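The structure displayed is predicted, hence computed values, not measured ones. In the text below, chain A, chain B and the rest are named by the order of the sequence lines, each starting its count at 1.
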Amino acid sequence: MSSSTNSTITILQLTRFGDLLQSIWAVKDIKKSNPELKLNLVARKRFAKPLLFLLERYFDNIYLIDQESFKSSDITEGLDKTLESIDKWNTNVLVNLSFSKSSAYLATLLKANFKLGLTSNEHGATIVNGAWSDYVYSTVMRGPLNPFSLIDIFRFIVGVKQKATLPKRSIAGNQIIVHPFASQERKHWSSSKWSEILFKILKKNPEINILIVGSKKDQAGAEEITRNPLLASCSDRLNIKCGSLSLEALHSELENSFLFCGHDSMVGHMASLAGTQCLTLSLGSVRPHETSPYGVNNYILAPKTSCFPCFPDEKCSSYSCHKDLSYQIVTECLQQLIDTNSIDVKVMKKNTSPLHLSNTSLFQSGFSENGIYFLKNISSCDISTKELYNTFYKIVWLFLLEEIEEVSGYPSLNAGSVHSLESFIPNLKQLFELAEFGKKYSRFILEEVSKSEPDISYIKSCGVKIEEIDEMQTLLGKASPVLNPIIDFFNLKKSKMAGANLVELCSSSHEIYQGIASFCDIYYELAEKCLNEYYINNKKPLIKEAKE
Amino acid sequence: MEDFRMKLQSEATKVAQQINDGASLTDEEIKILFLSTFISEEENEQ
C-alpha cells in the first residue's frame with residue numbers, strides 16, 4: 001500500500017452549518033503534525049457550498065452531496081456515481097461525525113480500510129465504531145451530563161492530539177455584530193429585550209456601530225427590534241443585514257469587528273474561527289459546555305432555571321429560562337467587554353441588581369494544560385450540582401478513554417451539592433457492587449466451561465444472574481440518573497459484545513463489568529476526596545471507609 | 001423527480017419489509033435506505 005493511501009482521512013459531515021464549522025475546528029491543525037496527510041470532506045451541498053471559502057482552506061478534496069444528482073431513471077445510478085467519485089480518494093480512515101441515519105448508511109457504502117462513527121450492519125441497524133463515538137451515541141445524545149465541547153469530542157474521534165491553535169484575536173474597528181436569532185424559538189429571546197440592550201449600548205457608546213445579522217427569515221425579527229421607538233435616536237449606527245450577506249461576507253464582517261453577541265448558533269462558531277470575542281446567551285435546549293464558541297476568553301451567560309437546558313422535543317410554553325436571563329446583565333457584560341475586553345464579576349456585582357445576577361451563571365472559556373476546552377463559572381464560587389458531577393465525569397472519561405490526567409483543584413462545594421453528593425455515593429457504590437457481581441458470574445461461567453464436564457444448568461443459572469444484574473443496573477439508573485452516562489456507555493459496549501463462543505462472550509462480559517467497576521472506583525475516589533476536603537474545611541467527620 | 005420519488009418510495013417499502021423479516025440486506029438495499037433517509041432529511045430542511 002502506498003504511503004499516500006496510508007494517510008488519507010475522509011470526514012463525513014452531513015449535518016448543518018454549525019456542525020461543519022465545529023468540524024473545521026476539530027481538524028484544522030491536524031496537518032501541522034501530519035503534513036503528508038490528505039484530508040477530505042463529504043458534506044451536504046446546501047450547508048457546505050456557502051462555506052467552501054473556509055472549508056477549502058483545510059480540506060484537500062470536498063464532495064458536495066445533493067439530492068438533485070441522485071435523480072435518474074435507474075434509481076441508484078446517481079448514487080453509484082457519487083460513491084465512485086468519493087472512493088477514488090482511496091480513503092484509509094473514514095470518520096463519520098454526523099450521527100444521523102443517512103450518514104450511517106453512506107458510511108457503510110463508502111470504501112475505507114477503517115471506519116469510525118456510525119455505520120450500519122447487514123440488517124440496516126446502526127453500529128457505533130470507536131470509543132468516543134460510543135460516548136457520543138450513549139451519553140451526548142441521551143442526556144445533559146456531557147462535560148466536553150463537541151469540538152473536543154470530534155478531535156478525540158479523529159485522533160487529533162495537538163492543542164488547537166487559536167486565530168489572532170480581532171480587535172479591529174468599532175463594530176459589534178449581533179445575532180439575536182437561533183434555529184428554534186426556545187433558544188432565543190423576543191425582540192423587546194434586544195431593543196433595550198441595543199439602545200443602552202448605543203446610547204452610552206457614541207463611537208460604536210452595531211450590525212444585526214441573520215438569514216432572510218430573520219429580517220422581520222430584526223425590523224421588530226429596530227422599530228422600537230427607543231432606537232430612533234441612534235438608528236444611523238444600527239444596521240441590519242439579514243439574508244443579504246454571503247457567509248464569506250459575514251466572516252469578513254466578523255473579522256472586522258471586535259465583539260460578537262448572540263444566541264447559540266453557527267454565527268458564534270464562525271466568530272470564534274474569525275478570532276472575534278464572543279458573548280453568547282444560552283437559552284432553551286442549548287448546552288453551553290457542548291456548543292459554545294471555541295477559544296479563550298469567550299463569555300457565556302446561562303440562566304439558572306431548574307429545567308435548563310431542556311430537550312428539544314420537550315414542550316414548553318412558559319420559557320422561564322428566557323425570563324431568568326435579564327437584559328441588564330447582558331448590557332453590563334457587553335459594556336465591560338467594550339471597555340476592557342474582559343468581564344470583572346466584582347464590577348458586575350456593583351453595577352447590577354443581586355436579583356438579576358442570582359438567576360444567572362456567567363462562564364468564561366479557556367483551555368486546560370492538556371488543551372481541553374473548559375467553561376469556568378466566574379459568577380459564583382459554588383458550582384452547581386450538575387457542574388460538580390460533570391467535573392468528575394470529565395476527569396474519569398479523559399483518564400479512561402484518552403489516558404489523560406486532567407489536573408484540577410477540588411471543586412468548591414456548598415450545602416446543596418454536599419447533600420446531593422452524599423445521597424449519590426450509595427448509588428455509585430451499588431453500581432460498583434453490581435459490576436463486581438457481574439464479574440463474578442462471568443468468571444463462574446468461564447470456570448465451569450473450562451471443566452471436562454460442564455454443568456449446563458449451572459451455566460444457565462449464572463446467565464440468569466447476569467440478566468438480573470443488568471436489569472438492576474437499569475433500575476438504578478432510573479433512581480439515580482447521574483449514573484446513566486456510565487450505565488448507557490457500558491450497555492452500548494455490551495450490545496456490541498464480540499465473541500464466537502461462550503468463553504469469548506464471557507471474557508468480553510467480564511471486561512465490560514470490570515470497566516464499570518473501574519469507572520465507579522475512580523469516580524468514588526474523586527467524590528470522597530472532594531467531600532473530605534469540604535468536611536475538613538467545615539470541621540465535620542471525614543467519610544469512613546465507605547467502600548467496605 | 002416525482003417518478004424517481006415514487007420508485008424510491010416503493011423500493012424503500014420493500015427494504016423495510018426485508019428488515020422486518022430479519023433478512024440480510026444487500027449493498028443495493030442499503031443504497032435505497034440511504035437515498036430515502038437523505039432525501040427525507042433534505043425535505044425537512046426546506
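Highest contact tally toward chain B, considering only A:Leu14, A:Leu83, A:Leu109, is held by A:Leu109 [criterion: heavy-atom pairs under 4.5 Å]. Residue with the most contacts toward chain A among B:Leu33, B:Asp27, B:Thr26: B:Leu33 (heavy-atom pairs, distance under 4.5 Å).
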| request: Take A:Arg16 and B:Glu45 through the side chain to side chain contact (heavy atoms under 4.5 Å, CB included) test and state the conclusion after the steps. | output: CA-CA 10 Å; A:Arg16 313 188 76 195; B:Glu45 287 293 344; 3.3 Å; yes

| request: Take B:Lys31 and A:Asp80 through the salt bridge (Lys or Arg N to Asp or Glu O under 4.0 Å) test and state the conclusion after the steps. | output: CA-CA 9 Å; B:Lys31 284 176 194 171; A:Asp80 286 336; 2.6 Å; yes

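Residue-environment remark: NZ (A:Lys49) stays at or below the threshold of 12 foreign heavy atoms within 6.0 Å. Crowding of A:Glu185 atom CD: a count of heavy atoms from other residues, nucleotides or ligands under 6.0 Å not exceeding 12. Heavy atoms of other residues, nucleotides or ligands lying less than 6.0 angstrom from NZ of A:Lys494 number more than 12. More than 12 heavy atoms of other residues, nucleotides or ligands sit less than 6.0 Å from atom CZ of A:Phe53.
A distance of 11.5 Å separates OG1 of A:Thr76 from CD of B:Glu29, quoted to the nearest 0.5 Å. Going from atom CD of A:Glu68 over to atom CD of B:Glu42 covers 9.0 Å, rounded to the nearest 0.5 Å. The distance from atom OG1 of A:Thr82 to atom CZ of B:Phe34, rounded to the nearest 0.5 Å, is 7.5 Å.
In this structure, the side chain of A:His123 engages the main chain of B:Ala23 through a donor-acceptor pair within 3.5 Å.
Shown here for A:Ile75 and B:Glu11, the closest heavy-atom pair between the two residues is CD1-CG, 4.2 Å. When all heavy atoms of B:Phe38 and A:Gln67 are compared, the pair lying nearest together is CE2-N, 3.9 Å.
Here A:Phe154 pairs with nothing under the ring-ring contact (aromatic ring centres under 6.0 Å, His included) rule; sequence neighbours left out. Applying the ring-ring contact (aromatic ring centres under 6.0 Å, His included) test to A:His188 and every residue at least two apart in sequence or in another chain returns nothing. A search for side-chain contact (heavy atoms from CB on, under 4.5 Å) contacts involving A:Ser120 returns A:Tyr105, A:Thr108, B:Ile30, not counting sequence neighbours.
At a heavy-atom separation below 4.5 angstrom, chain B is approached by A:Ser100, A:Lys101, A:Ser102 within residues 94-102 of chain A.
Neither the backbone nor the side chain of B:Gln18 comes within contact range of chain A; no heavy atom of the residue lies under 4.5 Å from a heavy atom of that chain.
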